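Note sheet for the following structure.
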Amino acid sequence: AQRVTQPEKLLSVFKGAPVELKCNYSYSGSPELFWYVQYSRQRLQLLLRHISRESIKGFTADLNKGETSFHLKKPFAQEEDSAMYYCALKTRVDQFYFGTGTSLTVIP
Amino acid sequence: SQTIHQWPATLVQPVGSPLSLECTVEGTSNPNLYWYRQAAGRGLQLLFYSVGIGQISSEVPQNLSASRPQDRQFILSSKKLLLSDSGFYLCAWSTGRREAFFGQGTRLTVV
């Protein structure tokens with residue numbers, strides 16, 4: 001069965017510090033991984049996906065199949081990065097499974 | 001462009017009353033449709049998934065049901081609400097190899 005694990009419920013970093021949000025997954029097939037973000041009073045929206053290999057708002061995430069991880073990283077955190085972040089896995093039949101989320105607070 | 005509408009935004013219902021939450025998608029055809037429940041500390045729990053009209057898959061046993069009477073309409077229902085049905089419900093859609101797009105959500109409080 002598929003499973004997405006985000007071990008940190010809360011994460012606080014100072015502005016300008018590096019940030020890493022952890023995500024591990026379990027899936028028997030070839031996974032497609034995503035990071036979603038939810039800012040205060042806004043709807044859940046896509047941040048980035050592993051197949052695009054892009055950097056969005058300074059965030060990057062690399063799929064490590066050996067470690068079954070898809071950690072989200074940013075070298076210098078900004079106050080506007082404070083939000084709820086969800087890691088998600090898409091199965092071969094287009095079902096999306098989400099982790100429990102990590103609430104990131106960037107301290108000025 | 002595609003849009004997703006979900007209503008109502010908030011709802012307060014007494015225990016034992018029925019429920020109907022509606023979700024519609026515009027600008028796309030034959031989307032995959034999803035209902036999720038979002039709870040603090042529990043993330044997003046997939047409740048129902050639909051690949052077409054009348055085709056519903058339930059992920060977890062519960063007091064809720066879903067229907068898809070039209071291609072771009074997805075309804076979440078209950079005949080008799082329980083206190084434990086309180087929560088934040090999200091509708092989402094996707095097509096092909098794209099990501100899932102979410103509605104604004106409905107905050108349901110059962111009293």
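Just so we're on the same page: letters track the sequence lines, and every chain starts at 1. Quantities reported herein were computed from a predicted structural model and do not represent experimental measurements.
- Between chain B and the residues Tyr36(A), Phe98(A), Phe96(A), the largest count of heavy-atom pairs under 4.5 Å involves Phe96(A).
- When heavy atoms are compared at a cutoff of 4.5 Å, Ile4(B) approaches chain A by way of both its backbone and its side chain.
- Between Lys74(A) and Asp81(A), at least one side-chain N (NZ, or NE/NH1/NH2) sits under 4.0 Å from a carboxylate O, which counts as a salt bridge.
- More than 12 non-hydrogen atoms from other residues, nucleotides or ligands lie less than 6.0 angstrom from OH of Tyr39(A).
- Using a 4.5 Å cut-off between heavy atoms, Phe34(A) touches chain B through its side chain atoms alone.
- A salt bridge between Arg49(A) and Glu32(A) is absent, with no side-chain N of the basic residue lying under 4.0 Å from a carboxylate O of the acidic one.
- Proximity to chain A (any heavy atom under 4.5 Å) is shown, for Gln45(B), by neither the backbone nor the side chain.
- No donor-acceptor pair under 3.5 Å is formed between the side chain of Glu22(B) and the backbone N or O of Gln6(B).
- Tyr86(A) and Gln38(B) share a donor-acceptor pair across their side chains, judged by distance under 3.5 Å alone.
- Ranking Gly103(B), Gly105(B), Ala39(B), Ser57(B) against chain A, the residue ahead of the rest is Gly103(B), based on heavy-atom pairs under 4.5 Å.
- Of the two parts of Leu46(A), only the side chain, counted from C-beta on, holds a non-hydrogen atom closer than 4.5 Å to a non-hydrogen atom of chain B.
- Within the 4.5 angstrom heavy-atom criterion, atoms from both the backbone and the side chain of Leu44(B) approach chain A.
- Leu89(A) has its side chain out of reach of Phe70(A): every pair of non-hydrogen atoms, C-beta onward, lies at least 4.5 Å apart.
- When Asp94(A), Ile51(A), Val93(A) are compared by the number of non-hydrogen pairs under 4.5 Å with chain B, Asp94(A) comes out ahead.
- The residue among Gln42(A), Lys90(A), Gln45(A) with the most heavy atom pairs within less than 4.5 Å of chain B is Lys90(A).
- Between Phe48(B) and Tyr36(B), the ring centre distance reaches or exceeds 6.0 Å.
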